[in-house]
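Remarks on the structure that follows.
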Amino acid sequence: VGADIAIDPIHEDVESVLSNHGIKDFNTVIECVGHKKTMLDAIKYASKNAVVMLFGLGNPSDEIPIKPFEIFRKEIVIKSSYTNPYTQDRANKLINSGRINLKSLIAETVSLKELSEVLKDPARRRKGKIIIDPWKD
């Protein structure tokens, strides 16, 4: 959907992949997983004057050890977002503009009657997004 590279941190070494592509750091990092390690990586890979958005929903009791000197040295801005009631219209406009290809994310479209089958099959759900069409027979 427009990314230059994609990294599977479970099966690939992030630092090696970045190095092989000549990437050292980023001016914007959006952490969407909500995992302590990926939050720390977001700060780690942020460049000087970068913005780090902690968007992923983690466990409410999770804590991460932050090194204040690293944040001061890089002059990082750390932001978070719990919810944004004003994103729906902007997202619809972006999708309708055709600037991003969301169709490549859709694995299949199923009827409402097939929903229980989809929910019972994790392997099927891992193939991509499944659209539930209540009007499909």
Side-chain angles (χ1 to χ4, degrees):
V1 293
D4 294 325
I5 64 169
I7 302 171
D8 177 351
I10 294 172
H11 299 103
E12 297 178 280
D13 179 65
V14 174
E15 297 211 18
S16 295
V17 174
L18 294 175
S19 178
N20 290 341
H21 284 86
I23 300 170
K24 295 180 182 166
D25 50 27
F26 303 90
N27 61 9
T28 304
V29 182
I30 304 171
E31 192 285 332
C32 298
V33 179
H35 190 272
K36 294 189 288 186
K37 174 148 180 18
T38 54
M39 290 180 194
L40 290 171
D41 282 348
I43 294 168
K44 174 182 177 180
Y45 295 119
S47 62
K48 186 168 178 63
N49 297 314
V51 173
V52 175
M53 169 63 78
L54 300 179
F55 191 74
L57 180 60
N59 185 319
S61 64
D62 280 351
E63 296 179 3
I64 58 172
I66 294 178
K67 296 178 182 175
F69 186 77
E70 181 179 10
I71 295 167
F72 298 143
R73 182 180 57 81
K74 291 181 175 183
E75 299 182 83
I76 295 173
V77 174
I78 299 176
K79 295 183 172 195
S80 66
S81 178
Y82 181 66
T83 185
N84 186 339
Y86 307 109
T87 59
Q88 185 82 23
D89 187 50
R90 291 190 334 226
N92 283 335
K93 286 178 183 174
L94 180 61
I95 291 167
N96 291 330
S97 75
R99 290 178 29 206
I100 57 174
N101 176 13
L102 294 180
K103 289 182 181 177
S104 65
L105 298 174
I106 301 170
E108 63 180 306
T109 301
V110 300
S111 70
L112 191 56
K113 292 176 185 176
E114 296 173 90
L115 178 58
S116 63
E117 294 171 28
V118 169
L119 295 175
K120 291 177 188 173
D121 188 353
R124 187 175 181 184
R125 294 192 315 271
R126 279 193 292 272
K127 292 178 182 177
K129 299 293 181 188
I130 298 176
I131 303 299
I132 310 300
D133 182 350
W135 297 278
K136 183 179 178 180
D137 290 327

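Residue indices begin at 1 and follow the sequence shown.
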Item to check | Interatomic spacing from CD1 in I76 to CG in N27 - rounded to 0.5 Å | outcome: 12.0 Å

Next on the checklist: Could you go through K24 and L18, starting from their C-alpha distance and side-chain angles, then the distance that decides it, and tell me whether this counts as side-chain contact (heavy atoms from CB on, under 4.5 Å)?
Outcome noted: CA-CA 7 Å; K24 295 180 182 166; L18 294 175; over 6 Å; no

Checklist entry - Which value, rounded to the nearest 0.5 Å, describes the distance between K48 atom NZ and D25 atom CG? => result 11.5 Å

Next on the checklist: According to a hydrophobic-cluster definition based on side-chain heavy atoms being under 4.5 Å apart (Ile, Leu, Val, Met, Phe, Trp, Tyr only), do L119 and I132 belong together?
Outcome noted: yes

Checklist entry - Looking at F26 and A50, what are the two nearest heavy atoms and their distance? => result O-CB, 3.5 Å

Checklist entry - Is Y45 atom OH crowded by more than 12 heavy atoms from other residues, nucleotides or ligands, each under 6.0 Å away? => result yes

Checklist entry - Does one hydrophobic cluster hold both V110 and I106, with members joined at side-chain heavy-atom distances below 4.5 Å? => result no

Next on the checklist: As a quick check of understanding, evaluate salt bridge (Lys or Arg N to Asp or Glu O under 4.0 Å) for R125 and D121, giving each step before the final call.
Outcome noted: CA-CA 7 Å; R125 294 192 315 271; D121 188 353; over 6 Å; no

Checklist entry - Is K136 close to I131 at the side-chain level, that is, under 4.5 Å between some pair of heavy atoms? => result no

Next on the checklist: So L40 and P65, do their side chains get closer than 4.5 Å, heavy atoms only?
Outcome noted: yes

Item to check | Distance-minimising heavy-atom pair for G34 and T38 | outcome: N-OG1, 4.3 Å

Item to check | Heavy-atom side-chain proximity of K67 to R73 below 4.5 angstrom | outcome: no

Next on the checklist: Hydrophobic clusters here meaning ILVMFWY residues chained together by side-chain heavy-atom distances under 4.5 Å, can you tell me if I71 and V77 are in one?
Outcome noted: no

Checklist entry - Are I78 and I30 connected in the hydrophobic side-chain network, where two residues link if heavy atoms are under 4.5 Å apart? => result no

Next on the checklist: Count I, L, V, M, F, W, Y as connected when their side-chain heavy atoms are under 4.5 Å apart, and connections chain through other members. Are I66 and F72 then in the same cluster?
Outcome noted: no

Checklist entry - Tell me, do E108 and K127 make a side-chain contact under 4.5 Å, heavy atoms counted? => result no

Next on the checklist: Run the side-chain contact (heavy atoms from CB on, under 4.5 Å) test on V52 and E31 for me, step by step, so that the C-alpha distance in whole Å, both residues' side-chain angles and the decisive distance to 0.1 Å come before the verdict.
Outcome noted: CA-CA 8 Å; V52 175; E31 192 285 332; 5.7 Å; no

Item to check | Value rounded to 0.5 Å, distance of CG in L102 from NZ in K129 | outcome: 10.5 Å

Item to check | Between CG on residue L54 and CE on residue M39, distance to nearest 0.5 Å | outcome: 6.0 Å

Checklist entry - Of all heavy-atom pairs between V17 and E12, which one has the smallest distance, and what is that distance? => result CG2-OE2, 3.8 Å

Checklist entry - Is L57 atom CG crowded by more than 12 heavy atoms from other residues, nucleotides or ligands, each under 6.0 Å away? => result no

Checklist entry - Is it true that a side-chain atom of H35 and a backbone atom of K37 form a donor plus acceptor pair closer than 3.5 Å? => result yes

Checklist entry - Under a 4.5 Å cut-off applied to non-hydrogen side-chain atoms, are L94 and R90 in contact? => result no

Checklist outcome for this item: Closest non-hydrogen contact found for V51 with K79 is CG1-CD, 4.1 Å

